[in-house]
> 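Dumping the structure here so I can ask a few things about it.
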Amino acid sequence: MLEITPTTDVNLLTAYCKKCGKLPDPAFYLYIAKDRDVQLAAGLFEIFSDSVEVVFYHADETDPHLFDAILRAGLNYAAEHGIKTGRLPETFRQEHAERFHELNYPDWPEFDITNFFKKYKYCK
């Protein structure tokens, strides 16, 4: 069964921060998608004073639905903690252009998270 959960594993968080040249600190959080004990995907997010940025995504497969689920989980976490603005940097968008195209995500790099959930209901 697929589970998407935040991880409290500091070593795993540190490893993902290092993959994208970041030093781990409390502003980062990581969501992991697992099927039983097999990790399928991971998404790293960074909270700023008034926004959250998707920093890194990794999966061995190209399934856009898994990508969508990880991003939604991370954005939902931020929204639940009072963050209203999500950011998808251009470099991140370019790196995952095929997934963004398949999901019909918004074209702008910064958006209101609540409006995103209302307008883009692609998650399965």
Side-chain angles (χ1 to χ4, degrees):
M1 179 163 98
L2 180 66
E3 292 182 290
I4 299 173
T5 57
T7 184
T8 57
D9 183 330
V10 174
N11 293 327
L12 195 55
L13 177 66
T14 299
Y16 277 98
C17 284
K18 287 182 179 180
K19 285 182 183 199
C20 55
K22 303 280 187 173
L23 294 174
D25 70 36
F28 291 97
Y29 61 97
L30 182 68
Y31 267 79
I32 301 290
K34 287 185 177 181
D35 187 0
R36 295 184 175 86
D37 287 332
V38 177
Q39 182 176 318
L40 302 175
L44 181 66
F45 301 83
E46 183 176 9
I47 292 180
F48 296 91
S49 62
D50 62 349
S51 65
V52 63
E53 184 171 293
V54 183
V55 178
F56 184 79
Y57 174 82
H58 171 77
D60 290 334
E61 56 184 78
T62 60
D63 182 2
H65 305 294
L66 187 56
F67 177 78
D68 182 54
I70 288 280
L71 266 57
R72 286 176 184 276
L75 292 171
N76 186 61
Y77 174 86
E80 287 177 348
H81 288 84
I83 302 295
K84 297 183 184 312
T85 304
R87 293 194 332 228
L88 299 166
E90 188 57 34
T91 54
F92 183 83
R93 295 177 64 75
Q94 288 174 357
E95 181 180 349
H96 301 287
E98 185 176 315
R99 291 179 177 116
F100 277 103
H101 177 73
E102 288 183 50
L103 294 168
N104 195 30
Y105 266 35
D107 290 330
W108 51 90
E110 193 168 291
F111 54 91
D112 180 279
I113 295 172
T114 302
N115 288 341
F116 170 82
F117 283 122
K118 287 178 184 176
K119 186 173 181 180
Y120 298 95
K121 300 180 182 190
Y122 197 78
C123 190
K124 288 188 175 186

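Quick note: residue numbers are just sequence positions, from 1.
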> Considering all heavy atoms of both residues, which atom of W108 and which atom of R93 are nearest to each other, and what is their separation?
O-NH1, 4.2 Å
> Roughly how far apart are R72 CZ and I4 CD1, rounded to 0.5 Å?
11.0 Å
> For the CD atom of E53 and the CD1 atom of I47, what is their distance to the nearest 0.5 Å?
12.0 Å
> Determine the minimum heavy-atom distance between A41 and L66, stating which atoms define it.
CB-CD2, 3.7 Å
> What's the spacing between I70 CD1 and H58 NE2 if we round to 0.5 Å?
11.0 Å
> For the hydrophobic clusters of this structure (ILVMFWY residues joined by side-chain heavy atoms under 4.5 Å, transitively), does one cluster hold both L30 and V55?
yes
> Is there a chain of hydrophobic side chains (I, L, V, M, F, W, Y, each step under 4.5 Å between heavy atoms) that links F28 to L75?
no
> Do V52 and F56 land in one hydrophobic cluster if side-chain heavy atoms of ILVMFWY residues count as linked below 4.5 Å?
no
> Run L13 and L44 through side-chain contact (heavy atoms from CB on, under 4.5 Å) and show every step you take.
CA-CA 8 Å; L13 177 66; L44 181 66; 3.6 Å; yes
> How far apart are the closest heavy atoms of A33 and L2, and which atoms are they?
CB-CD1, 4.1 Å
> For the atom pair CG (L71) and NE2 (H96), what is the distance rounded to the nearest 0.5 Å?
8.5 Å
> Tell me the side-chain hydrogen bond (donor to acceptor under 3.5 Å, both in side chains) pairs involving residues 20-49, sequence neighbours left out?
Y16-Q39
> Could you tell me if R99 sits above the aromatic ring of Y57, with its cationic atom closer than 6.0 Å to the ring centre and no more than 45 degrees from the axis?
no
> Looking at every heavy atom in both H65 and D63, which two are closest together, and how far apart are they?
N-OD1, 2.9 Å
> Considering all heavy atoms of both residues, which atom of L23 and which atom of C17 are nearest to each other, and what is their separation?
C-CB, 4.5 Å
> Under a 4.5 Å side-chain heavy-atom rule over Ile, Leu, Val, Met, Phe, Trp and Tyr, are L103 and F100 clustered together?
yes
> Quick check: closest heavy atoms across I83 and F48, and the distance to 0.1 Å?
CD1-O, 4.0 Å
> Do Y77 and I113 land in one hydrophobic cluster if side-chain heavy atoms of ILVMFWY residues count as linked below 4.5 Å?
yes
> Kindly compute the distance separating OG1 (T14) from NZ (K18), expressed to the nearest 0.5 Å.
6.5 Å
> Taking atom CD as the centre, does E95 end up with more than 12 heavy-atom neighbours from other residues, nucleotides or ligands that are less than 6.0 angstrom away?
yes
> Run the side-chain contact (heavy atoms from CB on, under 4.5 Å) check on D9 and I32 step by step: do they pass?
CA-CA 11 Å; D9 183 330; I32 301 290; over 6 Å; no
> Report, as yes or no, whether the 6.0 Å neighbourhood of atom NZ on K19 holds more than 12 heavy atoms from other residues, nucleotides or ligands.
yes
